[in-house]
2 protein chains.
Amino acid sequence: MFESLPDEAVPRAGLSTTAVVDAALAVIDEQGAEALTLAAVAGRTGVAPPSLYKHVAGLAELRMLVGARVMDEMTERFTAAAMGRSGDEAVAVLMRGYRDYVRDHPARYAALPPDPLHNPVMVAAGTRLLQVFLATLRGYGLTDSGAIHATRCARSIAHGFVSIEAGGGFGLPEDLDETYEQLIAMFVASLPRPVAP
Amino acid sequence: MFESLPDEAVPRAGLSTTAVVDAALAVIDEQGAEALTLAAVAGRTGVAPPSLYKHVAGLAELRMLVGARVMDEMTERFTAAAMGRSGDEAVAVLMRGYRDYVRDHPARYAALPPDPLHNPVMVAAGTRLLQVFLATLRGYGLTDSGAIHATRCARSIAHGFVSIEAGGGFGLPEDLDETYEQLIAMFVASLPRPVAP
DNA sequence: GTCACCCGGCTATTGCTCATAGCCGCAAAG
DNA sequence: CTTTGCGGCTATGAGCAATAGCCGGGTGAC
């Protein structure tokens, strides 16, 4: 008897929705986000393209599932990295973790759809990711909307730098670590001083 | 006799490379960056798709030409906006101008290729754009590499915020103007105080 | 033990895209 | 008037997503 996955039943051998997403991630890692094609995924899973439709509604849905998976990976990493830290140090660790994830998986980050809010699955994943940032900013005594603005700032800074870096958009020889640390310092300096617990 | 454009000769009536790029921009404005297709451009110019190859090497080159055109538009706007200003005010005007351009032409900005340095035409356009920022930062007494780092910071912040905003990535109701002004203030505060001329 | 059902593969087909090859006609230059 | 070449065209091929509909085998009902 097989172990029954909580995700979805495994009636026969072969594919499943999560296996298709796994294959999609492998294709993205190896050939880039642009190369994510049903034919490529089918080839990698040893199956004819139409068979994928038994597990995924189409290319658009597959991209959404991949996006949600990537955001969950980020959430997991950030949660682990920020564990046991607080204040400026936690913020800095979070920002560096963001960049590190994208350097480890540049193609996966590039595969994130630009319009994440159009799909409930991605909204859920995005909300989980948001919570990590909001939790880290707790303790700075920010008002609710103040925390939202601060989180948006952090996201803008991290996403901006990291997407330019991943695209090879920084052409000059100056050290990129230095630029990013400067951005982190700039953001941290803009926060109110943490209040005592 | 026709007026001879400096760009390229107009031997007959009809198309030219710049006319094709114009049509491409119209397609992007009306149907989004994803809809930029040779068939769409051909349809809009009243021509069969293969005819476009007489003016453009293919879809990839067309995208590059569009990207360069967009960057030049930005350069032009920023130059005009920063004219006659200096210091913190010039920096703020530049950052706001960046966001305004993208709000005026969200699809054009989204059409910018993520890897601009792979094409000499785009490198040239990017260099011109860079000069505007570097010129604005003159007067802060930054060292050469200090100016580079500061420019990268400004670009990261502006690109990050603006690309998330254009993609509809900010879901919460808090005022986006306020967030962006906060980012500008954060960046300005990180600069050394301007030195007297 | 048998049988019907359904699940998860498949082939075949359609329609869209980029891209190439090669033809043809007009218009200006001489 | 002829020549030349530019700027259109048709025809064709390859790769892709997506749909329709077939088929075989395992599972569970009886």
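A note on names: the letters A, B, ... follow the listed sequences, proteins ahead of strands, and every chain is numbered from 1. Hydrogens, waters and symmetry mates are skipped; everything else that's a heavy atom, side chains included, is used.
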Using a cutoff of under 3.5 Å, can you pull out all pairs of nitrogen or oxygen atoms linking the protein to nucleotides 19-22 of chain D, with atom names and distances?
none

Within residues 81-107 of chain B or reaching into it, pairs that qualify as ring pair (Phe, Tyr, Trp, His ring centres under 6.0 Å) - sequence neighbours excluded:
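Found B/F78-B/Y98, B/Y98-B/Y109, B/Y101-B/H105.
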How about A/H55 and A/T17: does a side-chain donor come under 3.5 Å of a side-chain acceptor?
no
So, taking the atom named [atom1] in [X] and the one named [atom2] in [Y], what distance separates them when rounded to the nearest 0.5 Å?
X      : Y      : atom1 : atom2 : result
A/Q182 : A/I157 : CD    : CD1   : 11.5 Å
A/L130 : A/I148 : CG    : CD1   : 6.0 Å
B/L191 : B/C153 : CG    : SG    : 9.0 Å

Positions of residues 30-43 of chain A (non-hydrogen atom under 4.0 Å from DNA chain D), listed by number:
A/T37, A/L38, A/A39
Other cluster members, A/M83 - Ile/Leu/Val/Met/Phe/Trp/Tyr, side-chain contacts below 4.5 Å
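Traced through the cluster, A/M83 reaches no other member.
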Measure the distance from [atom1] on [X] to [atom2] on [N] and round it to the nearest whole Å.
X     : N      : atom1 : atom2 : value
A/L59 : D/dG15 : CG    : C1'   : 14 Å
A/L62 : D/dA18 : CG    : C1'   : 14 Å
A/L52 : C/dG8  : CG    : P     : 13 Å
B/R63 : C/dT17 : CZ    : P     : 14 Å

My understanding is that only residues two or more places apart in sequence, or in another chain, count here; which of them pass side chain to side chain contact (heavy atoms under 4.5 Å, CB included) with A/P120?
none
Mark yes or no: A/R152 above the aromatic ring of B/F170, with NZ or CZ under 6.0 Å from the six-membered ring centre and no more than 45 degrees from the axis.
yes
Salt bridge (Lys or Arg N to Asp or Glu O under 4.0 Å) for A/R99 and A/D177? Distances and angles first, verdict last.
CA-CA 10 Å; A/R99 183 181 176 216; A/D177 294 358; 3.0 Å; yes
So, does A/H55 get its side chain near the phosphate of C/dG9, meaning an N or O under 4.0 Å from OP1 or OP2?
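Checking C/dG9 against A/H55, a side-chain N or O does come within under 4.0 Å of OP1 or OP2.
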Is the phosphate of D/dC9 approached by B/S51 (side-chain N or O, under 4.0 Å from OP1 or OP2)?
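Yes, such a contact exists.
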Salt-bridge present (B/D104, B/R77; N to O < 4.0 Å)
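Answer for the salt bridge query: yes.
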Check A/R193 with A/D88, please: is the shortest side-chain N to carboxylate O separation under 4.0 Å?
yes
Watson-Crick and G-U pairing of DNA chain D written in dot-bracket, each distance under 3.5 angstrom, with | for inter-strand partners
||||||||||||||||||||||||||||||
